[in-house]
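Just so you know, these numbers come straight off a predicted model, no measurement behind them. Values below: all heavy atoms of this structure, side chains included; hydrogens, waters and symmetry mates excluded.
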Amino acid sequence: MMYLLIGILFASTGVGYLFRRVRFMQQMNRLIMPAVCVLLFVMGIAVGSNGQIVRNLPTLGTQALILAAAGTLGSLLAALGIHKRFFGKKK
């Protein structure tokens with residue numbers, strides 16, 4: 001299933017690239033945000049109707065917070081290291 005989704009993503013990217021100058025495709029940008037909002041709403045309904053997810057929300061939320069904080073801290077440390085290595089003052 002995952003390969004199918006990745007294949008669809010690559011195929012749609014290719015189609016978008018090939019038809020990027022077609023007027024209809026340029027108008028698609030107006031539809032993207034409402035489509036994303038509808039998809040998020042439907043996903044929220046699916047999550048809210050799943051009792052197991054709702055019961056485990058405190059645990060899942062804590063894990064998500066820890067992962068987000070660790071990811072942010074790691075990114076900041078990597079950026080600091082890259083900045084010092086490549087853009088630091090030279091003696």
Same hydrophobic cluster for [X] and [Y], using side-chain heavy-atom links shorter than 4.5 Å among ILVMFWY?
{"X": "Val38", "Y": "Phe41", "answer": "no"}
{"X": "Leu9", "Y": "Met1", "answer": "no"}
{"X": "Leu18", "Y": "Val22", "answer": "yes"}
{"X": "Ile32", "Y": "Met43", "answer": "yes"}
{"X": "Phe24", "Y": "Leu31", "answer": "yes"}

[atom1]/[X] to [atom2]/[Y] distance, rounded to the nearest 0.5 angstrom?
{"X": "Thr72", "Y": "Leu77", "atom1": "OG1", "atom2": "CG", "answer": "11.0 Å"}
{"X": "Ile8", "Y": "Thr13", "atom1": "CD1", "atom2": "OG1", "answer": "11.5 Å"}
{"X": "Leu57", "Y": "Thr62", "atom1": "CG", "atom2": "OG1", "answer": "9.5 Å"}

Query - Residue Arg20 excluded, over 12 heavy atoms near CZ under 6.0 Å - result: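 Enclosed.
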**Study point:** Heavy-atom neighbours of Gln27 CD exceed 12 at 6.0 Å
**Key:**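 For Gln27, atom CD is crowded (more than 12 foreign heavy atoms under 6.0 Å).
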Checklist line | Exercise: identify the closest heavy-atom pair between Ile53 and Val47 | finding: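 Closest heavy-atom pair between Ile53 and Val47: CG2-CG1, 3.6 Å.
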